[in-house]
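I have placed the structure first, in the form of structure tokens, so that the comments after it can refer back to it.
Just so it is clear, the model here is predicted, and its values are computed rather than measured.
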Amino acid sequence: MMISGGGGGKSSTSSWAPTTSAPASGKRIQREMMELNNDPPPDCSAGPKGDNLYHWIATIIGSPGTPYQGGIFFLDIIFPIDYPFKPPQVVFKTRIYHCNVDSAGHVSVGMLKDDWSPALTITKVLSAIRSILTNPDPYNAVVPGIAHLYLGDTAKHDNIAAEWTLRFAK
């Protein structure tokens with residue numbers, strides 16, 4: 001007697017493979033890593049932490065003529081599994097006095113939130129972060145007190161930012 005259907009057999013439909021395209025995101029991240037290595041933005045570098053392609057460590061060196069001059073700022077970059085359709089999370093690991101970086105190091109840049117597009121790359125993200133070190137955006141601040149000081153007394157703001165750079169980033 002044959003019993004059809006039955007449980008306990010192996011079924012090709014019970015695969016636990018994710019429905020997102022992890023290999024596609026990994027290939028995209030690898031391609032971006034090669035592009036970044038071949039043509040990095042000025043004073044920026046980044047690459048995987050160990051062998052985890054989805055967790056990178058980045059470095060940005062503060063530009064001359066800014067209160068962050070000569071500082072070495074380390075950042076964590078976490079790529080979501082559905083990258084590039086969702087933006088990476090970027091967090092400063094080095095403390096920084098900046099109106100667009102909160103006390104936990106989270107960066108507030110439009111392209112990492114509402115302005116994200118799959119056409120953007122990690123090279124463009126690093127360039128945007130480097131840009132806010134030169135030109136803060138006090139009107140989209142995550143630390144209003146620092147933004148108010150920047151708008152009201154730029155010299156005092158820059159002195160405090162330079163002190164933090166000397167203390168935490170050198």
Side-chain angles (χ1 to χ4, degrees), residues 28-80 83-84 86-170:
R28 166 71 182 257
I29 294 167
Q30 285 179 325
R31 187 175 77 239
E32 288 191 31
M33 182 173 56
M34 286 176 38
E35 290 170 4
L36 180 67
N37 288 334
N38 290 336
D39 188 20
D43 300 321
C44 297
S45 65
K49 181 178 184 177
D51 58 1
N52 185 348
L53 192 59
Y54 290 84
H55 184 182
W56 286 21
I57 301 293
T59 305
I60 297 178
I61 298 172
S63 299
T66 71
Y68 310 104
Q69 177 174 322
I72 302 170
F73 299 92
F74 293 96
L75 301 91
D76 267 351
I77 302 172
I78 308 294
F79 294 92
Y83 181 81
K86 294 277 197 294
Q89 178 186 17
V90 181
V91 179
F92 271 82
K93 301 312 281 181
T94 306
R95 290 189 65 189
I96 185 169
Y97 186 83
H98 197 286
C99 64
N100 302 116
V101 181
D102 70 18
S103 62
H106 295 97
V107 181
S108 177
V109 177
M111 77 165 40
L112 292 175
K113 296 197 266 179
D114 300 333
D115 297 337
W116 178 255
S117 158
L120 294 171
T121 64
I122 201 62
T123 297
K124 291 176 183 169
V125 168
L126 289 171
S127 294
I129 294 170
R130 185 174 175 271
S131 176
I132 65 164
L133 294 184
T134 306
N135 301 304
D137 184 3
Y139 300 104
N140 291 303
V142 290
V143 187
I146 296 175
H148 287 107
L149 184 59
Y150 178 78
L151 292 169
D153 189 346
T154 305
K156 185 174 182 182
H157 166 277
D158 288 356
N159 283 338
I160 295 170
E163 288 174 15
W164 279 48
T165 299
L166 187 60
R167 185 172 176 192
F168 300 112
K170 290 193 177 183

Checklist entry - Of all heavy-atom pairs between V91 and A104, which one has the smallest distance, and what is that distance? => result CG1-O, 3.5 Å
Checklist entry - Applying side chain to side chain donor-acceptor pair (under 3.5 Å), which residue pairs with at least one partner in residues 138-163 are found, sequence neighbours left out? => result D137-N140
Checklist entry - Which residues pass the side-chain hydrogen bond (donor to acceptor under 3.5 Å, both in side chains) test with R28, sequence neighbours left out? => result E32
Item to check | Non-hydrogen atoms of L36 and W56 that approach each other most closely | outcome: CD2-CZ3, 3.8 Å
Item to check | Point-to-point distance, once rounded to the nearest 0.5 Å, from CG of N52 to CD1 of I78 | outcome: 7.5 Å
Item to check | K113 vs P87 side-chain heavy atoms within contact, under 4.5 Å | outcome: no
Checklist entry - For the atom pair OG1 (T134) and CD (Q69), what is the distance rounded to the nearest 0.5 Å? => result 11.0 Å
Item to check | Side-chain (T94) to main-chain (F74) donor-acceptor, under 3.5 angstrom | outcome: yes
Next on the checklist: So which atom in P67 and which in T165 form the shortest heavy-atom distance, rounded to 0.1 Å?
Outcome noted: O-OG1, 3.2 Å
Item to check | CZ-CZ distance between R95 and F73, expressed to the nearest 0.5 angstrom | outcome: 12.0 Å
Item to check | Least distance between heavy atoms, V142 atom then N100 atom | outcome: CG2-C, 3.6 Å
Item to check | W116 (side chain) donor-acceptor with P88 (main chain) under 3.5 angstrom | outcome: no
Next on the checklist: How close do A119 and K124 get, counting heavy atoms only, and between which atoms?
Outcome noted: O-NZ, 3.8 Å
Checklist entry - Are side-chain heavy atoms of Y97 and L149 found at a separation under 4.5 Å? => result yes
Next on the checklist: More than 12 heavy atoms of other residues, nucleotides or ligands under 6.0 Å from CZ of R31: yes or no?
Outcome noted: yes
Next on the checklist: Pair V101, I146 - check side-chain contact (heavy atoms from CB on, under 4.5 Å), show working.
Outcome noted: CA-CA 10 Å; V101 181; I146 296 175; over 6 Å; no
Checklist entry - Distance from M33 atom CE to T123 atom OG1, nearest 0.5 Å? => result 11.5 Å
Checklist entry - Where do A147 and A141 come nearest, in terms of heavy atoms and distance? => result CB-CB, 3.5 Å
Item to check | Residues in side-chain contact (heavy atoms from CB on, under 4.5 Å) contact with D39, at least two apart in sequence or another chain | outcome: none
Next on the checklist: Can you confirm if the aromatic rings of F92 and H98 lie within a centre distance of less than 6.0 Å?
Outcome noted: no
Checklist entry - Are L120 and D115 close enough that some pair of their side-chain heavy atoms sits under 4.5 Å apart? => result no
Next on the checklist: Just so I know, are the side chains of V107 and I132 near enough to count as touching, which here means a heavy-atom distance under 4.5 Å?
Outcome noted: yes
Checklist outcome for this item: Interatomic distance, NZ@K93 vs OG1@T59, rounded to 0.5 Å, equals 13.5 Å
Checklist entry - For Y68, which of I61, L133, I60 qualifies under side chain to side chain contact (heavy atoms under 4.5 Å, CB included)? => result L133
Checklist entry - Okay, side chain of S131, backbone of S127: is any donor-acceptor separation there less than 3.5 Å? => result no
